[in-house]
Protein chains: 2
Amino acid sequence: MVLIDPWGSVLVKDYEDVIKTFGLETFNPKLFPEPNRLMRRGVVFAGRDLRILAGAIKKKEKFYALTGIMPSAERIHFGNKMVVEMMSYFQERGAKTYVLVADLEAAATRGISLEKARKTALDFHIPAWIALGLDPKKTTFYLQSENKEVVHMAYNFSKRITLNEFKSIYGSADPGRIMGALTQAGDILYPQLKERMPGVIPVGVDQDPHIRLTRDIVERTKSSYNFIPPSAVFNKFTPSLDGELKMSKSKPGSCIELPENPKEVCRKLKGALTGGRDTIDEQKKLGGEPEKCMIFELYKQHLIDDDKQLQKIYDDCKAGKLMCGEDKQHACELMTKFMEKFEKDMEKARKKVKELKFVEFK
Amino acid sequence: MVLIDPWGSVLVKDYEDVIKTFGLETFNPKLFPEPNRLMRRGVVFAGRDLRILAGAIKKKEKFYALTGIMPSAERIHFGNKMVVEMMSYFQERGAKTYVLVADLEAAATRGISLEKARKTALDFHIPAWIALGLDPKKTTFYLQSENKEVVHMAYNFSKRITLNEFKSIYGSADPGRIMGALTQAGDILYPQLKERMPGVIPVGVDQDPHIRLTRDIVERTKSSYNFIPPSAVFNKFTPSLDGELKMSKSKPGSCIELPENPKEVCRKLKGALTGGRDTIDEQKKLGGEPEKCMIFELYKQHLIDDDKQLQKIYDDCKAGKLMCGEDKQHACELMTKFMEKFEKDMEKARKKVKELKFVEFK
């Protein structure tokens, strides 16, 4: 059995296989109004209970979108950015939006102190989420460690799952991960404590174990909580620049971080795997292979919003009109613009964070 | 390897073996001022870090005693009573005294709701603890679910222990028990968050896994918390009336509950295993065997404080002067007195509970 490990760094190559193995639904962008770049291009490729979610959006019924911040370091990478874009998409379509700081999970799985986690989230992650498009005025922020109700759910849920079930979902189990995962299930269901409603958790597909665990728990706590099982949308990974793994800070040379110095980014782009041929002559004759190109992947996932512009690059590459050097220069320019804008937006967002009111719990 | 299971009901027969296997210290009552009945008679038979504890008492240095209430049902049994007596002993000798309601653990290991747990503790356990001798004015009460610092410690600790270590200490592991045990470790160390000091946890010896887990955690969190490893005193079990298992509510015919109707108690005592011979004639000739008698065990552990009076019963039995019927009648009278006094003391204690102030946490 293929096992998707939320703590691993293996790049999934066969997404069709993942859909089959884990019983996911194929994502159909036509179900959703004005699908964004990720949805249109199959980067968001699968989900769970998508019709319930699409129905709530269409009928303008109450629903929520939730994501968590793992405050482990003062930077993220390009792969992390997609979740924020999906959160913004749902927020703009009426979702009650929740962003939690997973400080208890950071303590349980990474040994990070609560104080450090809180500081990292406030100094970096929350401003970054805002800079990437989340509207802070429409978002409920909280810290796990301050949210008693979430913690109490984690304890209640722990009685409903065996160690073997945990292992079969996650492939492994240790005390910290168990506590972290059960707390995450509490987070995912927390918005429904006050009001039963559909919700969506946008995640990388490696996070599906958490979604499955939570949906199992919903089933088992029907008589006490009566939650609606959470929907999920799954995005593919942003690959590392060498195309070997999913993008990850553990392989810094192949990872574009946020923030990162544009010169450094362009240097990394130069070394990226492309779909180019061995010689320029050959490439002019045969054309390139954009479907194997990490630069094209960055355009598709992150840098180029306009579908026609993206298509033109694809066609030019295929036709042998666009050479890799020129293309990398183009990517470097787009990235530089992106990074400069991000820096500016971060500065603005940091000011907003000071005005933010975290949820206060009794 | 002998494994002591805190969730099991097997009666330990060879306490010397337990001491050796788990590296306990033999309890020496001479180390302690005015040892109580349980300490004098070897019912408290072992401990950990006893010299540190005895030293603190002798030098009148700060130390604490802590115990938890598992609020699973509105009654306890005679075996549970010993922990309260040990708590009172330490309280009278200057211990800062903590009694916590293990409501999160009850949720995680038994699926009891926090509301129900709280109600059961307030209606029954706390009054019972007071009726059995604890001074409520000198005791800090709290609910796990309200004590954020304890919960945060549980999460921090979870990173410091592997699943295999947990299994080797407890013999098994499941998510609820893991969360319960780590939270208990948080409780045991909680009084030291404000002030580093020795502490003692009086428990039945089956609870030693929790003590070991906590002491392991102390070792591993030296750089962050710097706690003093908790001391422990261990009592032997009160056996079930048939002498087969430890006293447990799961075997109601052999268990004396608190509270229990005295007539019912006397009926159960009539069926108890004694050290009597097959016939009265034989018993007069050979004498009885008090060391095998559950009635004598009740005298020794619970009903007779005066050592001389206990010795006389032993001698009379051995000499064939005391027959089992008469002896059971005597036990019935002592139990009836005990139960009547307990009822009255409970009534008084319930009034005191209303005036109690639980610790309030921000």
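Below, chains carry the letters A, B, ... as their sequence lines are ordered, and counting in each starts from 1.
With a 4.5 Å cut-off on non-hydrogen atoms, B:L114 touches chain A through its side chain but not through its backbone. For B:A106, no part sits under 4.5 Å from any heavy atom of chain A, backbone or side chain. Of the atoms belonging to B:S145, heavy atoms from both backbone and side chain fall under 4.5 Å from chain A.
A pairwise comparison of heavy atoms in A:S158 and B:A108 identifies OG-CB, 3.2 Å as the closest pair. Heavy atoms only, all atoms of each residue included: A:P175 and B:L163 are closest at CD-N, 3.4 Å.
At a cut-off of 3.5 Å, with distance as the only test, a side-chain donor of A:Y155 or B:T183 sits close to an acceptor on the other residue.
Contacts with chain A were tallied for B:D174, B:I161, B:N156; B:I161 has the most, counting heavy-atom pairs under 4.5 Å.
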Any chance you could lay out the side chain to side chain contact (heavy atoms under 4.5 Å, CB included) test for B:M179 and A:K159, step after step, and finish with the verdict?
CA-CA 9 Å; B:M179 287 188 73; A:K159 176 82 176 93; over 6 Å; no
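A 6.0 Å sphere centred on CZ of B:R118 holds no more than 12 heavy atoms belonging to other residues, nucleotides or ligands. For A:R215, the CZ atom sits in a packed shell: over 12 heavy atoms of surrounding residues, nucleotides or ligands are nearer than 6.0 Å.
Evaluation of the ring-ring contact (aromatic ring centres under 6.0 Å, His included) rule for B:F157 yields B:Y225 as partners, not counting sequence neighbours. For B:K62, the salt bridge (Lys or Arg N to Asp or Glu O under 4.0 Å) partners two or more places apart in sequence, or in a different chain, are B:E195.
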